[in-house]
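Order of listing sets the numbers, starting from 1, for every ligand and every atom in it.
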Amino acid sequence: MIPFIDLAAQKKRLGPRIDAAIAKVLAHGAFVMGPEVRELEARLAAFCGARLALSCANGTDALALPLMAWDIGPGDAIFCPSFTFAATPEVAPWVGAEPVFVDIRPDTYTIDPDHLEAAIEAVQVEGRLRPRVVIAVDLFGQPADYPRLLEICRRHGLKLIADSAQGFGCTLNGRHPIAWADVVTTSFFPAKPLGAYGDGGAVLINDPDLWERMDSLRVHGKATPSDGMIPGHDPKYLNARVGMNSRLDTIQAAILLEKLAIFEEEIVARQIVADRYGEGLGEVCLRTPSVIPGGQSTWAQYVVEHRDRDGLAAHLKAAEVPTAIYYPVPMHRQKPYAHYPQGPGGLPVSEAKARQVIALPMHAYLKPKVQDDVIEAVRGFNG
Ligand SMILES: *Cc1c(COP(=O)(O)O)cnc(C)c1O
C-alpha cells in the first residue's frame, strides 16, 4: 500500500538525530518550557523573517492567542473562509465573537479579496457586528493574496491573521506571510508539512508587546514586567488576565529543531513531486492546482478536481492508491456554524469545490516510480 504521507521515510532520513534529541531532554529533565523551546522559537522566527515566535500547544490555540491578546469578543466580526479546517472559524465563538464566512477564489482556494471587501461592507451597513479581524488561510500550502488583503485590512482598520497551519514556509515574491500579516499562526500536528510527533503550534509576530501578552496568556495570564510584578513573588502565581494553559512540550521542540534543519530541502522535494504530478496529469480531465503568481507552496496537500470525484475516489481505492477529501462539507454548511453570517450572495465557489476536490499522496519522500503508479492509476479512470 502506498502511504498518503510517509513519516517513516522522513524518520529514516533523520537517522539517530531524533532519538538523540529526545534522550537529551530526558537527561536534563526540563520537560515544560525547557531550553529547546526557546531555541526553537528563535529558529522559527529566523526561518521566516519574523522578529519573534511564540510556541504553544497546537495550531488552534495559536489562532486563539492573538484574538485574546487583542480583546476580540462579543459583537466583533472575524472574517474567514468556510472552505478550511474547523479550527479557523472555531476560535471566533471561543472568544464570544462571530465568524463571517467569505468565499474563496476558484483557482487558488484562498480567500477571495473582492468577496471579503463586500462582506466587510455588508457587516458595516447592517451595523450589528463590528468588523475587527480577517483570518486568511494558506490552504493546501499556498500563500493567500496578502498584498491585497493587507490593503483591505488597512483601509477598514482590521487586524490580519495568516492561518499558515498548512503553509508554514510558503512565500510570495520571496517573502513569508509575516511580511504582510499582523500575526502568522501554524500547527505542528504530525501530518502538517512541519510536523512534530504530537500536537504543537506557534505564532509568529513582529510586535514585542503582543508577544509579551500572548506569553502571559499561554501560562494562565501570568503577570509580565509591564503588568507590574511584585518583587520577591513568582510571577506564575500573580495573574494579570484570564489565560489558558498552552505550552509546547520540550520533547516536541527538540524533535522540531531536527525537522526544521531539513525543512527547506523538503519544500524543494515537495515542489519536484508537485511538478511531476502536473506533468503527468495536466492533460487528463482534471483540474490540477494553480499557485498565485510569485507564490511558493509547501504542498501540504496536492489537490485535484474532477467532475466525478466520487467515481475517481472509488477507482483509486480499488487500485490501492490512498486519497483524502479536504473538505467534503464547507464550514457554513455544518451545524455548529450554519447560523453565522456569510458574505453577500453566499459561497458558491466553496460549495462547488467541496463536491470536486480530491487529494493525492504527497510528501517529500515520494519516489518517482511510486508517483508514476499513482499517475497511471488516475489516468486509467474514464469517468
Ligand atoms: C491543522 C489546522 C489548524 C489547527 O491545527 P491543530 O494543531 O490541529 O490545532 C488550523 N487551521 C488549519 C487551516 C489547519 O489545517
Report the nearest protein non-hydrogen atom to atom 9 (O) of ligand 1: residue, atom name, distance rounded to 0.1 Å. Thr60 OG1, 2.5 Å
For Arg51, I'd like to know if atom CZ has over 12 heavy atoms of other residues, nucleotides or ligands within 6.0 Å. no
Numbered atoms and elements of ligand 1 in range of Asn58, under 4.0 angstrom, heavy atoms: 7 (O), 9 (O)
Check ligand 1 against Ser187 and write out every atom of the ligand that is under 4.0 Å from a heavy-atom position of the residue. 5 (O), 6 (P), 7 (O)
Counting heavy atoms only, which of Asp163, Thr84, Asp138 comes nearest to atom 11 (N) of ligand 1? Asp163
Less than 6.0 angstrom separating the ring centers of Phe168 and Phe47, yes or no? yes
Looking at non-hydrogen atoms alone, which of Pro89, Ala165, Ala202 comes nearest to atom 12 (C) of ligand 1? Ala165
Measuring from Asp103:CG to Asp114:CG, what's the distance to the nearest 0.5 Å? 11.5 Å
Inspect the surroundings of CZ in Arg154 and state if more than 12 heavy atoms from other residues, nucleotides or ligands are less than 6.0 Å away. no
Pairwise distance OG(Ser55) to CG(Asp249) - rounded to 0.5 angstrom: 10.0 Å
With atoms numbered from 1 as shown, which atoms in ligand 1 lie under 4.0 angstrom from a non-hydrogen atom of Ala87? 3 (C), 4 (C), 10 (C)
The atoms of ligand 1 lying under 4.0 Å from a heavy atom of Gly59, numbered in the order shown, are 4 (C), 5 (O), 6 (P), 7 (O), 9 (O)
Does an N or O anywhere in Asp199 fall below 3.5 Å from an N or O of ligand 1? no
If you scan protein heavy atoms around atom 2 (C) of ligand 1, the nearest is Lys192 NZ, 2.7 Å
Counting only heavy atoms from other residues, nucleotides and ligands, does the tally under 6.0 Å from CZ of Arg43 exceed 12? no
Output the distance between atom CG (Asp112) and atom OG (Ser350), rounded to the nearest 0.5 Å. 9.5 Å
Against heavy atoms of Val137, which atoms of ligand 1 measure under 4.0 Å? 13 (C)
